[in-house]
Participant: 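Here it is, the structure in full.
Fair warning: this is a prediction, and the values are worked out from it, not measured in the lab.
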2 protein chains.
Amino acid sequence: MTATRDKVLDKAEAAIRMRGYHAVSFRDLADELGIKSASVHYHFRQKEDLGLALVERYSKRFFDALEVEATKALTSKDKLRAFCAVYRHILVSSDRLCLCGMLGAEAAGIPVSLNDAVAAFFEANIDWLASAFGGDDTARTKATYTVGTLQGSMMLASSMKDVALFDHVLEALLA
Amino acid sequence: MTATRDKVLDKAEAAIRMRGYHAVSFRDLADELGIKSASVHYHFRQKEDLGLALVERYSKRFFDALEVEATKALTSKDKLRAFCAVYRHILVSSDRLCLCGMLGAEAAGIPVSLNDAVAAFFEANIDWLASAFGGDDTARTKATYTVGTLQGSMMLASSMKDVALFDHVLEALLA
DNA sequence: GTCTATAATTTGATAGAC
DNA sequence: GTCTATCAAATTATAGAC
């Protein structure tokens, strides 16, 4: 139906994951799609609306992929492996940062509602892993630690242009 | 002498560490300092020059602080503790992200020369820790892992507005 | 070193025709 | 749903007076 809306979301996600929220404009997106910026505004009245739709879609996709990946995961280790596999796919499939990792860094510079959505994504990440690890306080710390390591290594791999760096960290994380 | 130049650097570092490179303008900085943007341009011809000066100063300060902190560190564990202490100070002293963590996330959206400087900072981070860990391949992976964990946890603490989160990860990292 | 003034471009956003 | 046209504001940056 509204194919344009999805195309805008695709381009916006790719652009923001590469350059950041403030480095992407409605005109950039419109030009890339061969439409006008007014048309982008038709689908997303404000930039904030676009950002929120982006995080919502991203989060949904992430947890859907996680569910698929973890169906046969019984042990804590298997669940961790599944979690890491989804993160790895984020980076490798597009050679881009996690959307929420980027927006999380820019936290104090984006609309409050948008960072709330980003923080909720991280909260859900940690909840999932903490549950996989047993659910107690130690499990929660381990979960936070794991998400932090994945996000930070992704950032390092992006800045240092070395995807292998991320894989080495993944190996260590699973050892 | 050139007190203004330093004041510009101070304001720019604080602003960029909070909101990101593209969310900070020369006028913002000038207004905060009660001067005009043309005066900022006198000290830093282009925004890229300001960014480069920022990373240079930041990196120097970081490794100076690390040297002080690690003077009495003999064991690997002590050196890791010193490294973590400097990172903790970055976050806690200002409640802001690491400058290079922010710019590293925005890697593909900032001038190439600027990201080169950021990547060099991370390289030096990893070199220092790898050396502290013994210098072999395993040590290097452990070093990368550690820097990634610190950077990622800082981002999480910032987005989720929970500095204690960072401290819990630190504890786990040192255990 | 700092200012006024200004250029050239980009940005987020809207009104209204088709 | 998409367009043309337009706006007000912001952005990087420069020229030249003081």
Participant: Going 5' to 3' along nucleotides 11-18 of chain C, which nucleotides have protein heavy atoms under 4.0 Å from the base (write B), which only from the sugar-phosphate (write S), and which from neither (write -)?
Facilitator: BBBB----
Participant: How would you list, by chain and number, every residue that makes a salt bridge (Lys or Arg N to Asp or Glu O under 4.0 Å) with A/E67, sequence neighbours excluded?
Facilitator: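 By the salt bridge (Lys or Arg N to Asp or Glu O under 4.0 Å) rule, A/E67 matches no residue at all.
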Participant: Just the rounded figure in Å: distance from C1' of C/dG1 to CG of B/L33.
Facilitator: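 Distance, rounded to whole Å: 14 Å.
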Participant: So does B/S39 get a side-chain nitrogen or oxygen closer than 4.0 Å to the phosphate oxygens (OP1/OP2) of C/dG1?
Facilitator: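 For C/dG1, OP1/OP2 do not have a side-chain N/O of B/S39 under 4.0 Å.
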Participant: Round to the nearest Å and state the distance from B/D31 atom CG to D/dA10 atom P.
Facilitator: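 Taking CG of B/D31 and P of D/dA10, I get 10 Å after rounding.
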Participant: Residues in salt bridge (Lys or Arg N to Asp or Glu O under 4.0 Å) with B/D6, at least two apart?
Facilitator: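 B/D6: no salt bridge (Lys or Arg N to Asp or Glu O under 4.0 Å) contacts found.
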Participant: Under 4.0 Å: is that the gap between some side-chain N or O of B/Y42 and OP1 or OP2 of C/dG1?
Facilitator: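 B/Y42 to C/dG1 OP1/OP2: side-chain N or O found under 4.0 Å.
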Participant: How are the rings of A/Y145 and B/Y145 set relative to one another: parallel (under 30°), tilted (30 to 60°) or perpendicular (over 60°)?
Facilitator: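 Because their plane-to-plane angle lies in the 30° to 60° range, the rings of A/Y145 and B/Y145 count as tilted.
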Participant: Which residue pairs satisfy the side-chain hydrogen bond (donor to acceptor under 3.5 Å, both in side chains) criterion with at least one member in residues 34-46 of chain A, sequence neighbours excluded?
Facilitator: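 Pairs touching residues 34-46 of chain A that pass the test: none.
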Participant: Just to confirm, is there a sub-4.0 Å distance from OP1 or OP2 of C/dG1 to any side-chain nitrogen or oxygen of B/T4?
Facilitator: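 Looking at the OP1 and OP2 atoms of C/dG1, neither is under 4.0 Å from any side-chain N or O of B/T4.
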Participant: Starting from C1' on D/dT2, measure out to CZ on A/R5 and report it in whole angstrom.
Facilitator: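 One finds 17 Å between C1' of D/dT2 and CZ of A/R5, rounded.
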Participant: Quick one: side chains of residues 110-118 of chain B, donor-acceptor pairs under 3.5 Å with protein atoms, not counting sequence neighbours, listed by atom name and distance.
Facilitator:
{"residue": "B/S113", "atom": "OG", "partner": "B/E48", "partner atom": "OE2", "Å": "2.5"}
{"residue": "B/N115", "atom": "OD1", "partner": "A/S159", "partner atom": "OG", "Å": "3.0"}
{"residue": "B/N115", "atom": "ND2", "partner": "A/S159", "partner atom": "O", "Å": "3.1"}

Participant: My understanding is that only residues two or more places apart in sequence, or in another chain, count here; which of them pass ring-ring contact (aromatic ring centres under 6.0 Å, His included) with A/H168?
Facilitator: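 Residues passing ring-ring contact (aromatic ring centres under 6.0 Å, His included) with A/H168: none at all.
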Participant: What is the distance from CG of B/D49 to C1' of D/dA13, rounded to the nearest Å?
Facilitator: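 For the pair B/D49 CG and D/dA13 C1', the rounded distance is 12 Å.
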